[in-house]
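Throughout, protein chains are lettered first and strands after them, A, B, ... in sequence-line order, and every chain is numbered starting at 1.
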There are 2 protein chains.
Amino acid sequence: MKITAQEEYGLRCVLRLAKAESGAVTLPEVAAAEGLSVPYVAKLMSVLRNAGMVDSVRGRAGGYHLTRPAEEIGLGSLLLTLGEPLFEETEYCQKHAGSEAPNGVCKNHSTCTLKSLWQTLEHWLRHTLDQITLADLIQHEGRLPELLRERLAAAVLDDEPQLVTLTVK
Amino acid sequence: MKITAQEEYGLRCVLRLAKAESGAVTLPEVAAAEGLSVPYVAKLMSVLRNAGMVDSVRGRAGGYHLTRPAEEIGLGSLLLTLGEPLFEETEYCQKHAGSEAPNGVCKNHSTCTLKSLWQTLEHWLRHTLDQITLADLIQHEGRLPELLRERLAAAVLDDEPQLVTLTVK
DNA sequence: AGGAATGTGTACTTTTTTGTCAAGTTTAGC
DNA sequence: GCTAAACTTGACAAAAAAGTACACATTCCT
């Protein structure tokens, strides 16, 4: 449960695009700014491009730019496209059945308690991270911890309005 | 950013110990129950033992047991001992300095915005997960999602009492 | 046209993580 | 004491992730 290299560096590359208000940013520019190799940045951009997060322009005056404004890109979705979900939904019960569930029987079975845990955690984590946008990371550089706490707290309210009531003083 | 095999299986093994109210559980018992090989369970237990989460008794009537009651073992701490933190605090700025910080200069530098993000996220994630104990996982098997939401919401209150006020209806 | 600067895509090498193997140590029971 | 059942440890093999290499395609500029 750690941030993978692809998530970390991918996010950094996207932030470079977000900082360049308009106009395309080239692979060499991003690579130089982040201290990464050009081919590696190309690989990261390929992932982001296939996910529809960035667009590219080929040719001499080419480069990359975001497909949406930085204000609309939440960290939860972005990190999910760069990495993987907390656990693989498919095949989960087959793989972890254990001796008590030899036939792949799983529903409501005690062995699969953890599936509920991971599902809930996954949903909650992505939803909460989506409260923070790329624009936030750029604008509030100095006061990130404070901003984060506010947004995290707000996510609880947003997610379960009928269950809890939250008041920010 | 996904649950590692060691975290998943380690947690499952610990749950087996927690379910066996008193008395030791042997490696073969855990391995059979979870469908894992005995040597692999031994490796996982070794990690847990070195972290002080479980104790072992050698010899013919030996086995493993928890060092603390299941009610006192939070998921955040447990998963942290089984896996790794979200990011490595040490060497972080050296590795990710990029071209704008060639001399290792980092404090308050824009390139290190992400460090604040990961730190805050790490603290918040572990703290929140610690609201859920091993005993919770065993007792509330069927209604885990509801329990989780309550605990997650409560964590916000607990973490920042002066910032937010939370009311559970 | 042609060359230089750019992105695209596949295959490969290196590193890290997973999981196994095998030899050794401890202890209860006979 | 001896054996069987248990834990301990370090080295090893397999799989996945990270990062590189290289040949190729596209476009601008002259």
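Between the C1' atom of C/dT17 and the CE atom of B/Met1 lies a distance of 19 Å, rounded to the nearest Å. The distance between atom CG of B/Leu44 and atom P of D/dT9, rounded to the nearest whole Å, is 15 Å. Regarding A/Glu88, its CD atom lies at a distance of 14 Å from the P atom of C/dT18, rounded to whole Å. Rounded to a whole Å, the OH atom of B/Tyr9 is 17 Å from the P atom of C/dT17. Rounded to whole Å, the distance from CG on B/Leu17 to P on D/dC7 is 10 Å. One can place CG of B/Leu27 at 17 Å from P of C/dT26, the figure rounded to the nearest angstrom. If you take CD of B/Glu7 and C1' of C/dT18, they are 14 Å apart, rounded to a whole angstrom. Between the NZ atom of A/Lys43 and the P atom of D/dT20 there is a distance of 10 Å, rounded to whole Å.
Closest non-hydrogen pair, A/Leu148 versus B/Ser116, comes out as CD1-O, 4.2 Å.
Position along DNA chain C of the nearest nucleotide to B/Glu84 versus B/Pro39 favours B/Glu84 as the more 5'-ward residue. Looking at which nucleotide of DNA chain D each of B/Lys2 and A/Ala61 is closest to, the 5′-most match is held by B/Lys2. Checking A/Leu36 against A/Arg60, the closest nucleotide of DNA chain D that is more toward the 5' end is the one next to A/Leu36.
Side chain A/Arg58 to base D/dT27: no donor-acceptor pair is found below 3.5 Å.
Each of D/dA18, C/dT18, D/dC7 was ranked by its minimum atom distance to the side chain of A/Gln6; first place goes to D/dA18. Looking at the side chain of B/Ser37, the nearest of the listed nucleotides C/dT20, D/dG19, C/dT17 is C/dT20.
Proximity of A/Ser56 to the phosphate of C/dT8: a side-chain N or O atom is located under 4.0 Å from OP1 or OP2. In this structure, B/Tyr40 does not reach the C/dT17 phosphate: none of its side-chain N or O atoms is under 4.0 Å from OP1 or OP2. Between C/dT8 and A/Ser46, no contact under 4.0 Å exists linking OP1 or OP2 to a side-chain N or O. The side chain of A/Arg49 places an N or O atom within less than 4.0 Å of a non-bridging phosphate oxygen (OP1 or OP2) of C/dT8.
Using a 4.0 Å heavy-atom cutoff across all strands shown, A/Val25 reaches sugar-phosphate atoms only and no base atom. Across all strands shown, A/Thr4 has heavy atoms under 4.0 Å from sugar-phosphate atoms exclusively, and none from any base.
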A/Leu137 and B/Leu114: side-chain contact (heavy atoms from CB on, under 4.5 Å), yes or no, with the steps? CA-CA 8 Å; A/Leu137 290 186; B/Leu114 291 189; 4.1 Å; yes
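With A/Gln6 contributing its side chain and A/Gly83 its backbone, the two residues share no donor-acceptor pair below 3.5 Å.
Residue pairs meeting the side chain to side chain donor-acceptor pair (under 3.5 Å) criterion with at least one partner in residues 67-83 of chain B, sequence neighbours excluded, are B/Ser77-B/Asp130.
Connection of A/Val41 to A/Leu15 is established within a shared hydrophobic cluster, with ILVMFWY side chains joined at heavy-atom distances below 4.5 Å, either directly or through further cluster members.
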